[in-house]
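See below for the structure under consideration.
In this text, all values refer to a predicted model and were calculated from it rather than measured experimentally.
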Amino acid sequence: MSETKPRKNYDPTVLEGRWQERWAESGLYETDEDTSKPKHYALTMLPYPSGDLHVGHWYAMTPSDTRARFMRMNGYRVFFPIGFDAFGLPAENAAINRGIHPYKWTMSNIENMRGQLRQMGAMFDLSAEVVTCTPEYYRWNQWFFLKFFEKGLAYRKEAPVDWCPKDQTTLAREQVVGPDRRCERCGTPVIKKNLPQWLFKITDYADELLDFSKIEWPERVETLQRNWIGRSEGAEIEFEVEGYGPIGVFTTRPDTLFGATFFVTSPEHPAVEEITTPEREDEVRAYVEKAARMSEIDRTDVTREKTGVFTGAYAINPANGEKIPVYAADYVLMGYGTGAIMAVPGQDERDWEFAEKYDLPIIRTVQPPEDFEGKAYTGEGPAINSGFLDGLGVDEAKERMIGHLEEEGTGRRAVTYRLHDWLISRQRYWGTPIPIIYCPEHGAVPVPEGDLPVRLPEDAEFMPTGESPLKLDPDFYNTECPICGGPATRETDTMDTFMDSSWYQYRYLSPHYDEGPFDPARGEKWLPVDQYTGGIEHAVLHLLYTRFFTKVMRDLGLVDFDEPMRRLFNQGIILGPDGNRMSKSRGNVVNPQEFVDLYGSDALRLFLMFVGPWNEGGPWDSQGIGGVSRFLRRALSLVTGDEASSAQADPAELPRRTNRLVKKVTGDLGTFRFNTSIAALMEHTNYLLGVKGAVAGEEWREALRTFVTVLAPLAPHHAEEMWAELGEVGSVHEQAWPGYDEALIVEEEITLVVQVNGKVRDRVTVPAGISEEDAREQALASERVRPHVEGKQVRKAVYVPGRLVNLVVG
RNA sequence: GGGGGCGUAGCCCAACGGCAGAGGCAGAGGACUUAAAAUCCUCACAGUGUGGGUUCGAAUCCCACCGCCCCUACCA
């Protein structure tokens, strides 16, 4: 008859390929639209089509798939789509380096990855696929842009970009290399240049984005977003600068105004040039130029000694009328607050440091405690040297000062955010064209909705020539003004790719819908996303932008909820065998294909889930995958032969162990603890092999059915194979998740641990329902316990039901 | 500088405040084999980074320190 022991010709890739084919034929993973079931929208972050699925993709996607399968078996209709985040710089670089067109490069990568995704055997609904670089998709990026524009949420402003003066092009952050900031391509030192760019007013939603009450996201992500938004309350105060006019500063410490002994502007501050006195001009100009050349990293290196330059100008402290010198210094950033500060060395460490270096006066305005030994004092204390504030605590002094400033008209209460508006312009080819037309008459005119999409010309010359690629394409560039019909030109910037990923979860619902970004009827059925999974690295950009987008969509009447994803889980990172992050330069990159070919995709996915808790990541172990592969073969051997194994186990335990398994796996999959559910399945398999042949007929079959059912979300191909081997009809993936009977899990007899003063002295077997009194009696009766208690008084006996008795003696 | 995470067997990891071990890898012995691989069976191995504290009882809670990792950083 059939072979016992694992089949000699076990070939997981054949087995898996067969089921993948059948699943595709039967449409097993077409989305269940049965609205009598509760919905579950499961989403894993969409990959960039770099060419191949790497281990990181497997690590992100397969546990997410397991969880989606688990929900499906639990009676939910599940929508689990996948797509490609297909615009972006790598395609353009590949084009430049290898002369392949970005479209071709991207599409052939996608084709390749589609095959690999099929091989993964996940339950993705491939009919819902979205590719963001298709006009069908990016048309709606443009549509959103127009809506944002209408609402006043899109605006144009000069903003600095990294610019290579030789190539005459803007550079992305990663294209600026080395400590002296050179162009990656030609080695020319990069400069900052102001260009008009498009921005989205995400800051309008800053306060709402600080509200996380409607989502269950990891605390960590909330904290990161909160810090990123960086709301600070304080005041904006005007300082009159002699011969110039008022310059505003933002401060969180208006109470310390009397201690402002100098004034500092950022080197980029527009006032610097005007206020600088002729005799200081050379020095100031040199300083400003040097600051402009310095990288962000150097600028913000805290350990660096502070530098600055006196402009020759003076400002008037509005609190006391004192004349204070105005410096330009690069520790003040143009991008925060007003780009200028009042320096209060007595209460600010940075200002203290600067004051010491440039020998500027220091006045304490908060009385430090007597034992205070530091320099600047930032703590609580009564105000001193502060006129009408003297004696007040910090909070009250702040209030009083704000009131005073408002009365005088020299300042007001203000809130500042670290969060900036979202700069969406990119001076690149491979992205969504921004749908704006510049008319000499009418200025920036939005492309009429009916004219969308503004197509990205496919034959554009994208090689670096020193001009924005789209500018060189006359068919694209030259157009007519939608208002007057006169000659006009198109915007040649394209959009940030974060735009694509801000709303892709909506497009999945109806990827070919052409009357809106998504079909509202589909949205009604599926939105919002119930469970999102992805890496923590997207905590602040992508995950903030998509929240912003959803809020704007709500205000546009497109959706009726406030948050895009109810729950979020952040998986960790799968590391190389050496325990380091995988990277080409380290040479520790693992190619999943190699292991899929050898062990199959079930083994690979099981291994990745078995490594450790999903949120922690862990090192790759090429031998570890052999272990899970063995497990799969052993599991398979349960149904493919009838010889008993030589291991021995107690058949009477079968119902208890089966129920216990179901409970364990149910709980673990519900909470993303894949590693422990796999361990439980392994343990159970070992047990089943130990009783194989000793349990008869229907009881055995039933036990196997249950086992295979709970194995299914984790190892879908092997479970399906086993299901078929058992002679069951249909797919195991359509089975209902089994329940369990708590009563059957309870053991009849338990091992009661007997401790004396917390040390284990004996273990006795007792009936499970033993009373506290009996348990104590049993404990005292123990031969091994007696010597430790004899002659002493038992002061206390702690009883933990079903576990132990601890006798406290002394 | 700030925030977070993690330190348990040779390795990856389990353990509602209650017997430190569920599972796997590697290791040893045995079975099968002409032999090897594969497979099967069996076995051994740590007292939980260090030092305090709370508790009848601490890997688990609290404090400090050490080590590793991640994020963030002159935000006024």
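Listed pair Arg657(A) / rA22(B) fails the phosphate criterion, with no side-chain N or O lying under 4.0 Å from OP1 or OP2. Taking only side-chain nitrogens and oxygens, Arg630(A) comes nearer than 4.0 Å to OP1 or OP2 of rA26(B). Between Arg633(A) and rC40(B) there is no side-chain N or O to OP1 or OP2 distance below 4.0 Å.
Nucleotide rG57(B) forms a pair with no other nucleotide shown, judged by Watson-Crick or G-U wobble geometry with both contacts under 3.5 Å. Pairing partner, rG27(B): rC43(B), with both Watson-Crick or wobble hydrogen-bond distances short of 3.5 Å.
Annotation: cation-pi pair Lys306(A)/Tyr331(A) present, NZ/CZ under 6.0 Å from the ring centroid and within 45° of its normal.
Residues from residues 226-237 of chain A with heavy atoms under 4.0 angstrom of RNA chain B, sorted by number: Ser232(A).
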Atom pairs and distances, donor-acceptor, side-chain atoms in residues 798-810 of chain A, under 3.5 Å, two or more places apart:
| residue | atom | partner | partner atom | Å |
| --- | --- | --- | --- | --- |
| Tyr799(A) | OH | Ile770(A) | O | 3.3 |
| Asn806(A) | OD1 | Asn757(A) | N | 3.4 |
| Asn806(A) | OD1 | Gly758(A) | N | 3.0 |

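Within the 4.0 angstrom heavy-atom criterion, no nucleotide atom of any strand lies near Leu681(A). Contact annotation for Asp351(A): no contact, since no heavy-atom pair falls under 4.0 Å across all strands.
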Per-nt protein contacts along nucleotides 13-19 of chain B (heavy atom under 4.0 Å; B base, S backbone sugar-phosphate only, - none) come out as SS-B-BB
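Within the structure, every pair that satisfies the salt bridge (Lys or Arg N to Asp or Glu O under 4.0 Å) test and touches residues 750-766 of chain A, not counting sequence neighbours, is listed here: Asp762(A)-Arg784(A). Residue pairs meeting the salt bridge (Lys or Arg N to Asp or Glu O under 4.0 Å) criterion with at least one member in residues 336-349 of chain A, sequence neighbours excluded, are Asp348(A)-Arg350(A).
A distance below 6.0 Å separates the ring centres of Tyr327(A) and Phe354(A). Between Tyr59(A) and Trp620(A), the gap from one ring centroid to the other reaches at least 6.0 Å.
Tyr336(A) is listed as a side-chain neighbour of Arg418(A), based on a closest heavy-atom distance under 4.5 Å.
Under the side-chain hydrogen bond (donor to acceptor under 3.5 Å, both in side chains) criterion, His684(A) pairs with no residue, sequence neighbours left out.
Taking every side-chain heavy atom of Arg418(A) into account, rU72(B) is the closest of rA26(B), rU72(B), rC71(B). For Arg634(A), the side-chain atoms get nearest to rC40(B) when compared with the rest of rA76(B), rA22(B), rC40(B). Side chain of Thr252(A), nearest nucleotide from rC70(B), rC74(B), rA76(B): rA76(B).
For the side chain to side chain contact (heavy atoms under 4.5 Å, CB included) test with Phe607(A), the passing option among Thr62(A), Val628(A), Asp602(A) is Val628(A); the others fail.
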